[in-house]
Novice: 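Right, I'll just put the structure down here and ask away after.
Naming convention: chains lettered A, B, ... in sequence-line order (proteins, then strands); numbering from 1 in each chain.
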Amino acid sequence: MKTIFYFLVFPGFLFALIVGMVASYIERKVTARVQWRVGPPILQPWYDLLKLFTKESVVPENAHLLTFLATPVLFMVSATLVAMYAGMAFFFPDAAFQGDLIVIVYLLTIPPICLILAGAASANPLASLGASREIKLVLSYELVFWMTIAVIWVKTGGELSLVNIMNKPPVMYSYSGGIASVLALFVMQAKLGRVPFDIAEAETEIMAGAYIEYSGPLLGFFKMGQYILLATLPFFISSIFWGGVNVFKYVALLVIVILVENTNPRLKVKQCLKLFWFILFPLSLVALILAVVGL
Amino acid sequence: MNIFLPIIFNLIVAFVLFITPDWKKPLKVIAPILAFANIVIGVYLLFNPNIPEKYTAWILWDNLTKLVFFFIGFFGLVLSIYSAGFIKKKLNKYFSYFFLTLASAYGIILSANWIVLIIFWGISGITLYLMMQFNSGANLAAKKTLIILGGSDSFLILGVAVLYRLTGSFGILSSTWSMIAFVCIAAAAFAKAGNMPFHIWIPDCADKAPPPVTAFMPASLDKLLGIYLLARIFSIITIPPVVKISVMLIGSITIICAVFMALTQHTAKKLLSYHAISQVGYMVLGIGTGNPLGIAGGLFHMINNSIYKSCLFLGTGQVEKVSKTDHLDKLGGLAKYLPITFTSMLIASFAISGLPPLNGFFSKWLIYQGVLAATAEQYPFLSILCLLAALFGSALTLASFMKLMHALFLGAKKYPKGAEKKFKEKFSLVFPQIILALSCIVLGVFAFDLFIKPMYGNLTLTGLWHPKMAMLLIVVGLVLGALIFLISRIKIRRVKGFAGGEGLRPDMHISGADFYEGIENGQPFKFIYGLAEKKLFDLYEVLKAMAFYVIKLLRYLHNGVLTNYLSWILAGGVIILVVIWFM
């Protein structure tokens, strides 16, 4: 019962959703200020969700209904699971129900898969394109992500538990850890699908890609999942690289995301692949070698 | 009850079926019943406490044997049901070979004597050769398979001979370290399981053989037997660290290379066959660590891989049966017509990509912990590279399966009305897939109860993962989502698809077969794929080319002209005389 409370209320669904909505508000407000606009009120994300849940859902005739309906919900659920695991390590380090680093990173791949399947099930060529771009994006960043996590393992002696990683001296205060934590920022940007890595959505090219056929509550589930991810990923990156989380660290990461988002153009698919595999991967290899040497 | 019973039972069944005429209808019912009887005998023996666990002269009955023992019966049952629905002609011969394979598999794992093991090992290679030929046009592939497996058998014999020299007995006993013996026996295990560099028979076999045969031998039983032999070798010989790391490296190279080959395949069966190779890499990596966690992971992965890989092959067989092709660019949108096949293949592809809480994740998770533990010992940098190869290979696997699922079942492809009649699922083909997909979930969620506790009792894990709780939470979440959806009382309206402001045309369908064209055509991948296209990585083809080159030279001598032969004889005679003269 307690675990279900952790999952649904704190630090899981409700908490992460609210934090994510606030983060989303900050994102939109800062973006607006960068563009010399006033920006939305603080409750805007809530209004958005409310609106979506009162509209009807339109499903393409040729779409595979079950997949089309199930993927948005699974997207939200898996994001919640990640939020809970990351939050448990921080808020309840003594609780028996914990997840380790491998589990969390694997769970983090479920939301993109849901998106890909959703796009594939939409029976729309643009959605299919979006799905194919999303999976290429996943391929690009996954390699670098695991490399940065390998640096953590070398630094902490193969530690898997988040609690223990947070209790050790922060990884980023070393040459290898410094490089790895910078690379992790790239990965975080890509995982959140923010510019310059919004190739899967690319509203001006493929009209939101996999989301193109989604409307009403189904899109609402995707939105909630995105809010939760926006709350969770900076939290997670901060806990494993920066030796724990506090409001300053979290906001700092959020601001980095927002500023990069507002000052960059979108990369092409091939450029993104090249950036991650041929530029950032060698860098991460350097970081790994430095870590093995002990720097 | 006698422990030899499963072997004897299957041998008798094989013999009786061989001499009965080809009564199709009764055979379709009798064969699965016999396979069921086989698994009943197996389960009875497993839970019979009277069988001593210690080594007897001829029988091994430890946990490793018991694990493989159960799953041989399991796959026998599942695949006999599928085969009964799939194979059309010469059913008596087919099932005769089928049960002979089961008998030989039992023989291999139960035998405590190397000679007996070699005999059964050889039989299982021959039955694969025979069963592959139930598809017309599989002769060349079958020949290649037989040559590679037969060649690896000779390695096994050599390895056993060396072991005999060391221990003075043919029993499977612990021995001192011998490089030759280890390399030879590992080569045989690699060839059977399909690890690089002896993997080359698997793509050809999967491409040409009937899907149930592929699912039965290369995808499940051969994996069980090959990895069983590898694990057995690791348990009886103390392996030095440098060999361990070499085995781990071979495993990780297999993972990455095979999965990159899979990414660019354009037919479903070949794509799956490269995954069959790449998954072996995980097992070899896990067992290569030599620590309990890694070996447990490798063995569990062996079981899991057999389950989801045969499920995938069976699903592909079903697709091929109804659409008469497995070319990805000709398929698409089948999810509506083959819902059960779609769902079970989706679950299996999630499992192979290692998504929690399915079984593939659990075994990979064990392997990763094993490799992490190995980094603490020797060669930390190389071990962590192996770990990264495995982790990234998992992402590549996922990518490749997203392509497969999109190209087969989803996308915007439309079929004309009345297609439902053409695309119909048959119970005997679908039922095995349901069992296999369910086992993926059950083994993943109850991994601690079903695998770890019976096999090891108590294994010290470094990671934290509670699959039962996580599964419960996922279910709670899905129920909550459904509740929100119902409470908001939203209607679902179906509309015609649009793209670019106009109705969808058939040519707008994106198949998914070309998802990774960008990777394929970018350097340095283009160069490497080009070499693979020329079959430069194919040991068999390379050796064949070399052999033909030598034969071409010899051909100049043997051109059939009598005068040439006479002059050779004369020249030879002169040389002999000269030699004798100067001796």
Novice: Checking heavy atoms, do the side chain of A:Thr80, its backbone, both or neither come under 4.5 Å from chain B?
Specialist: neither

Novice: Heavy-atom distance under 4.5 Å to chain B: side chain of A:Trp153, backbone, both or neither?
Specialist: side chain

Novice: Can you tell me which portion of B:Phe409 sits under 4.5 Å from chain A's heavy atoms? Options are side chain, backbone, both or neither.
Specialist: neither

Novice: Determine, stepwise, if the pair B:Leu346 / A:Leu117 fulfils side chain to side chain contact (heavy atoms under 4.5 Å, CB included).
Specialist: CA-CA 10 Å; B:Leu346 191 66; A:Leu117 283 175; 4.1 Å; yes

Novice: Tell me, for A:Lys55 versus chain B, whether the close heavy atoms (under 4.5 Å) come from the side chain, the backbone, both or neither.
Specialist: backbone

Novice: Measure up the B:Phe392 and A:Trp277 rings against each other and bin them: parallel (under 30°), tilted (30 to 60°), perpendicular (over 60°).
Specialist: perpendicular

Novice: Select one option (side chain, backbone, both, neither) describing which atoms of B:Ile474 are under 4.5 Å from chain A's heavy atoms.
Specialist: both

Novice: Is there a side chain to side chain contact (heavy atoms under 4.5 Å, CB included) between A:Leu288 and B:Phe381 once you walk through the steps?
Specialist: CA-CA 8 Å; A:Leu288 188 63; B:Phe381 186 63; 4.0 Å; yes

Novice: Side chains of A:Ile116 and B:His406: does their closest heavy-atom pair fall under 4.5 Å?
Specialist: no

Novice: Against chain B, work out which of A:Val154, A:Ile135, A:Ile289 has the most heavy-atom pairs shorter than 4.5 Å and name it.
Specialist: A:Ile135

Novice: Pick out which of B:Trp465, B:Phe361, B:Trp365 makes a side chain to side chain contact (heavy atoms under 4.5 Å, CB included) with A:Tyr106.
Specialist: B:Phe361

Novice: Please state whether the side chain, the backbone, both or neither of B:Lys403 comes within less than 4.5 Å of a heavy atom of chain A.
Specialist: neither

Novice: Measuring heavy-atom distances to chain A, does B:Ile384 have an atom under 4.5 Å in its side chain, in its backbone, in both, or in neither?
Specialist: side chain

Novice: Which pair of non-hydrogen atoms, one from B:Gly477 and one from A:Val73, has the smallest distance, and what is that distance?
Specialist: O-CG1, 4.3 Å

Novice: Under a 4.5 Å heavy-atom cut-off, does chain B meet the side chain of A:Thr67, its backbone, both or neither?
Specialist: side chain

Novice: OG of A:Ser78 to CG of B:Leu355: how many Å apart, nearest 0.5 Å?
Specialist: 9.5 Å

Novice: Who among B:Leu478, B:Leu398, B:Leu391, B:Leu387 has the most heavy-atom pairs with chain A under 4.5 Å?
Specialist: B:Leu391

Novice: Which atom pair, heavy atoms only, marks the closest approach of A:Glu61 to B:Lys336?
Specialist: O-NZ, 4.3 Å

Novice: Taking all non-hydrogen atoms of both residues, which atom of B:Ala470 and which atom of A:Tyr85 are closest, and how far apart?
Specialist: CB-OH, 3.8 Å

Novice: Would you say that more than 12 heavy atoms from the other residues, nucleotides or ligands in this model lie under 6.0 Å from the NZ of A:Lys191, or not?
Specialist: yes

Novice: Using non-hydrogen atoms only, which part of A:Phe278 is less than 4.5 Å away from chain B: side chain, backbone, both, or neither?
Specialist: side chain

Novice: About how many Å separate NE2 of A:His64 and OG1 of B:Thr343, when rounded to the nearest 0.5 Å?
Specialist: 6.5 Å

Novice: Need one label for A:Met147: side chain, backbone, both or neither, based on atoms under 4.5 Å from any heavy atom in chain B.
Specialist: both

Novice: Go through the atoms of A:Val59 and report whether side chain, backbone, both or neither lie under 4.5 Å from a heavy atom of chain B.
Specialist: both

Novice: What part of B:Ser353 lies closer than 4.5 angstrom to a heavy atom of chain A: side chain, backbone, both or neither?
Specialist: backbone

Novice: Please classify the contact of A:Ile212 with chain B as side chain, backbone, both or neither, using a heavy-atom distance under 4.5 Å.
Specialist: neither

Novice: Under 4.5 Å from any heavy atom of chain B, what part of A:Leu273 do you find: side chain, backbone, both or neither?
Specialist: side chain

Novice: Can you name the nearest heavy-atom pair linking A:Ala120 to B:Leu410, along with the distance?
Specialist: O-CB, 3.3 Å

Novice: Which residue out of A:Ser215, A:Ala150, A:Gly119 racks up the most heavy-atom pairs below 4.5 Å with chain B?
Specialist: A:Ala150

Novice: Which atom names give the shortest non-hydrogen contact between A:Leu139 and B:Ala395, and what distance separates them?
Specialist: CD2-O, 3.9 Å

Novice: So which of A:Ala131, A:Ala70, A:Ser132, A:Pro72 has the biggest tally of heavy-atom pairs under 4.5 Å with chain B?
Specialist: A:Ser132

Novice: Quick check on A:Leu81 against chain B: is it the side chain, the backbone, both or neither that has a heavy atom closer than 4.5 Å?
Specialist: side chain

Novice: Name the region of A:Val292, side chain, backbone, both or neither, that has any atom closer than 4.5 Å to a heavy atom of chain B.
Specialist: side chain

